[in-house]
Every structure is written in structure tokens, then in C-alpha cells.
Amino acid sequence: MTKRKPVVAANWKMNGDRRLVDDLMNTFQGSAIFQQVEVVLSTPATLLDYSQQQRQNACPEIVLAAQNMSHLDSGAHTGELSAQMFKEVGCDWVYCGHSERRHVYGESSKLTAKKFVQAKEAGLVPVLCVGETEEERQKGKAFSRLTSQIEAVINLAGKDCFEGALVAYEPVWAIGTGNPATPEIAQEAHKFIRGMIAAMCAETADSVRILYGGSVKPENAQALFSQPDIDGGLIGGAALKPEQFMSICQAAVGQ
Ligand code: PEP
């Protein structure tokens, strides 16, 4: 079995400023954590250029991610940003289909799949975010929701689409609520996702990193990350506090 390097990824959403970038870099500069954990920073798009400069100075190990991007190359799309633009500013990864994109901005699984393909073609690593709502879980439809979100990508990108990509399982009911999935519920969903990928390619399923997101805090991170199919986390609120984010990274060590 492949030893998967854990990932702890920050999602600052529409928060943060240059000072917070500096604080984060100061907290992580020279840390041994990078040997064991892949640490990802995703700031608002306006801070990426500054973050790129600062990471080059202080923490070149940090992976820089965009929170969202257009599925198109260029043209008359006011307010949109392309994969190529994120590449130019230094991004390595991009989140595709974050719950807020799907549920607040009405982005479909088909559109998310197009973004996923666009990212790969541009040389950005896509992190496909999937997750069910509370209602879907209560009605016993959690796995069918995950299936449809993942199948939308497979249908467009093909059976080997998760090679060189990541998945983040983020139940909508757990994001920003202070109410994380239990380690058992999260593990069950992660195992299901890995199983879907294994049905197409056992090797990819063995190596693909599947992150858990939804109210991860220093207190609950270790119990979640120690589950066999959980390879780290996507962190919102707690990533805005560099010390807390560091503690969450430390909880991923040795998993
Ligand atoms: C997220 O934004 O992806 C997230 C998981 O947020 P939080 O950690 O605040 O629940």
C-alpha cells in the first residue's frame, strides 16, 4: 500500500489581509512540519501575488491554491479569473466545487467538472470538493449525492481523472457550524469515495489523497486524521489563526 503524505489545506475564503499572510509565514518559517505534511495556503485571489512573494522568501514548501476559477480560457467574462492567470501568479492547486460555490452560487456538478478538467489541462492540481447536505444525509441520500458529484467528473474527464488530483469530503452540514462529522461518519464517506475510485483504477485509489473538511479544530483533528482513509484536512475558520492551523498540521504528523 502507498504511504500517502498527509495534506493540511487552508481555505481563507473571503477573509485575511497581508498581515495575516505575514503571521502565517512567520509561524511556519523553518518548521520541520513540511517534511511530514503538505501544507497548502489558499487566500483570496487578491492576496495570492503577495503570498507567492512571501512564501518564496520564507516558506517555499507551502503549496499555493486558488479557491475557485473559471472553466474558460479567456474573453468577455467580467469578474472571472482563468487557470492560466492563477498559474502566472504562482498557484499550484485549485479547489473545484467548494460547497459555497455549489450552494451559495448555484454552481452545478457539470460546471465543477469543467473546472476540474480546465485545471488539469493548465497544470494546476484540482481538489474536487464533494459533500451532502443535512437533508440528504437524513434521507439516506448521502452516498448517492457523493456518487453524482464524482460521476460528473468521471463522465467528462475519464476514468483516470483522479490521477494527479485530490478529493475533499466536506459535508455541508459540518462546514462552519462547529459540528464536525464524527471520525466514523467521515471514514465511512472517505472509504466510499476511495472505493468509487478503486472501481476504475486500484492504483489511483491507493495513492489519491482524500481530505476531510468541516469544523476541523486542533481538538478534533487527530481523531479525524487517524482514520485509515482520511489523508488530512481542508480547514476554513481555524486556518485564520496561524497557531491553530499549525496545531492542526501537527495532528496530521505520523498519520
Ligand atoms: C471550508 O471552508 O472548506 C471549511 C471546512 O470550513 P470550516 O473549517 O470553517 O468548517
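Since this is a predicted model, take the numbers as computed values, not measurements. First listed ligand is number 1; within each ligand, the first listed atom is number 1.
Under a 4.0 Å heavy-atom criterion, G176 is in contact with ligand 1.
Remark: ligand 1 atoms within the under-4.0 Å shell around heavy atoms of G237 are 7 (P), 8 (O), 9 (O). Near G214, meaning under 4.0 Å from one of its heavy atoms, ligand 1 places the atoms 5 (C), 10 (O). Set against the non-hydrogen atoms of E170, the atoms of ligand 1 under 4.0 Å away are 1 (C), 3 (O), 4 (C), 5 (C). Those atoms of ligand 1 that come under 4.0 Å of a heavy atom in N11, given as number and element, are 1 (C), 2 (O), 3 (O). Close approach of ligand 1 to H98 (heavy-atom distance below 4.0 Å) involves ligand atoms 1 (C), 2 (O), 3 (O). Every atom of ligand 1 with a heavy atom of S215 under 4.0 Å away is listed here by number and element: 7 (P), 8 (O), 10 (O).
With hydrogens and angles ignored, the 3.5 Å screen pairs no side-chain donor or acceptor of N11 with any backbone N or O of G236. Here the side chain of S215 pairs a donor or acceptor atom with the backbone of A174 at under 3.5 angstrom. A donor-acceptor pair under 3.5 Å links the side-chain atoms of K120 to the main chain of C161, judged by distance alone. Within the 3.5 Å criterion, the main-chain N or O of W12 finds a donor-acceptor partner in the side chain of N15.
A donor-acceptor contact under 3.5 angstrom links the side chains of D73 and Q118, judged on distance only.
In summary, K5 and E38 do not engage in a salt bridge, as defined by a charged side-chain N under 4.0 Å from a carboxylate O.
Among E132, E136, E134, the single residue meeting the side-chain hydrogen bond (donor to acceptor under 3.5 Å, both in side chains) criterion with W173 is E132. A side-chain hydrogen bond (donor to acceptor under 3.5 Å, both in side chains) with Y50 is found for exactly one of T43, D22, D17, namely D22.
Considering each of A168, C129, G236, the one bringing a non-hydrogen atom nearest atom 4 (C) of ligand 1 is G236.
Looking at I175 against ligand 1, both its backbone and its side chain come within 4.0 Å, counting heavy atoms.
By the 3.5 Å distance cut-off applied to N or O atoms, K13 is counted among the residues near ligand 1. Annotation: I235 places no N or O atom under 3.5 Å from an N or O atom of ligand 1; distance criterion only.
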